[in-house]
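All values below were derived from every heavy atom in this structure, side-chain atoms included, with hydrogens, water molecules and symmetry-related copies excluded. Note that this is a predicted model, so its numbers are computed, not measured.
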Amino acid sequence: MIEATRAKLIAAARKAFAQHGYAQASMDELTAQAGLTRGALYHHFGGKPGLLAAVVAQMDAEMDERLEAVLRAHADPWLGFLAYCRAYLAMAQEAEIRRIVLQDARSVLTGTDQGQQHQQCIAFTTGFLQRLMDQGVIVPASAPALARLLNGCLVEAAFWIAEEGAPPERLEQALQALDLMLQGWKA
């Protein structure tokens with residue numbers, strides 16, 4: 001019952017945040033859409049920011065699954081790595097991701113539990129980069145340092161691509177810059 005209630009609230013919030021943005025999404029309307037009360041929202045999420053964090057966590061997990069599928073689709077680890085990075089940047093132009101994950105979450109969730117998701121991403125990237133080094137695909141370096149550098153580059157580029165009113169050409173510009181940067185990593 002608890003999970004069903006949480007799932008209803010997350011689904012309604014995700015739809016409302018995608019359509020109207022976090023600031024304009026009405027808690028009364030989204031709880032009514034879920035067939036629940038404001039009290040249920042506060043009980044399960046502590047308020048609207050907690051609900052946004054849950055929506056972002058769900059979306060992050062979905063993005064991770066998609067990115068891992070990109071990696072698995074490539075037999076060549078280097079090509080998989082490039083496709084993984086490029087796919088992440090391409091997601092920045094998807095309306096739901098752009099609005100919820102890259103615009104609203106950035107302004108609302110500063111200093112919240114997003115750190116755990118960030119740490120998981122860094123750990124995954126560190127492990128993957130270490131495997132690429134062990135296989136002689138990229139030059140030896142500190143895998144944690146490279147993971148943080150890459151993560152910072154990708155996240156900031158995604159924010160830039162997702163800015164309100166950003167021209168679509170930003171994705172292609174970011175992909176070109178990414179390719180140029182990563183060429184220096186290849187062994």
For Leu51 and Leu30, work out which heavy atoms get closest and say how close.
CD2-CD1, 3.7 Å
Let's go through Asn151 and Thr125 carefully: what are the C-alpha distance in whole Å and the side-chain angles of both, what is the deciding distance for side chain to side chain contact (heavy atoms under 4.5 Å, CB included) to 0.1 Å, and is it a yes or a no?
CA-CA 8 Å; Asn151 181 267; Thr125 305; 5.6 Å; no
Should we count NE2 of His43 as having more than 12 external heavy atoms under 6.0 Å?
no
In terms of heavy-atom contacts, Arg14 and Ile100 come closest through O-CD1, 3.6 Å
Side chains of Thr37 and Thr31 in contact at under 4.5 Å (non-hydrogen atoms)
no
Looking at CZ of Arg86 and CG of Leu67, how far apart are the two atoms once the value is rounded to the nearest 0.5 Å?
13.5 Å
Mind checking whether Val70 and His74 have side chains closer than 4.5 Å, heavy atoms only?
yes
Return the minimal non-hydrogen interatomic distance between Arg99 and Gln19, and the atom names on each side.
NH1-O, 3.5 Å
Quick check for you: to the nearest 0.5 Å, what is the distance between Gln24 atom CD and Glu29 atom CD?
10.5 Å
When the ring planes of Tyr22 and Phe17 are compared, do they come out parallel, tilted or perpendicular, using 30° and 60° as the limits?
tilted
Do we see a donor-acceptor contact under 3.5 Å between the side chains of Gln130 and Asp134?
yes
Are Val139 and Met181 connected into the same hydrophobic cluster when the rule is that any two of I, L, V, M, F, W, Y join if their side-chain heavy atoms are below 4.5 Å apart?
no
Are Met133 and Leu146 packed together at the side-chain level, in the sense that at least one heavy-atom pair is separated by less than 4.5 angstrom?
yes
Check the pair Glu164, Arg106 against salt bridge (Lys or Arg N to Asp or Glu O under 4.0 Å), reporting the backbone distance first and the verdict last.
CA-CA 13 Å; Glu164 193 67 43; Arg106 184 179 198 190; over 6 Å; no
So CZ of Arg38 and CE of Met27: to nearest 0.5 Å the spacing works out to 3.5 Å
Under 4.5 Å between any side-chain heavy atoms of Arg148 and Thr126, yes or no?
no
Minimum heavy-atom separation for Ala92 and Ala158, please, with both atom names.
CB-O, 3.7 Å
Rounded to the nearest 0.5 Å, how far apart are CD of Gln93 and CG of Leu102?
11.0 Å
Could you tell me whether the side chain of Trp78 reaches within less than 4.5 Å of the side chain of Lys186, counting heavy atoms only?
yes
Do Lys8 and Gln33 have side chains that approach each other closer than 4.5 Å (heavy atoms only, starting at C-beta)?
no
What's the separation between atom CZ in Phe45 and atom CZ in Arg6, rounded to the nearest 0.5 Å?
4.0 Å
Measuring only between side-chain heavy atoms, which start at C-beta, is Trp185 closer than 4.5 Å to Phe81?
yes
Does atom CD of Glu94 have more than 12 heavy-atom neighbours from other groups under 6.0 Å away?
yes
Run the side chain to side chain contact (heavy atoms under 4.5 Å, CB included) check on Cys153 and Leu178 step by step: do they pass?
CA-CA 8 Å; Cys153 291; Leu178 175 71; 6.0 Å; no
Contact between Leu150 and Leu182 at the side-chain level, heavy atoms closer than 4.5 Å - yes or no?
yes
Heavy-atom pair with the smallest gap, counting every atom of Pro77 and Val137:
CG-CG2, 4.2 Å
Can we say Glu163 and Arg98 salt-bridge, meaning some charged N sits less than 4.0 Å from an Asp/Glu carboxylate O?
no
Nearest heavy-atom neighbours spanning Leu71 and Gly80
CD2-O, 3.4 Å
Could you grab the distance from atom CG of Leu9 to atom CG of Leu41, nearest 0.5 Å is fine?
5.5 Å
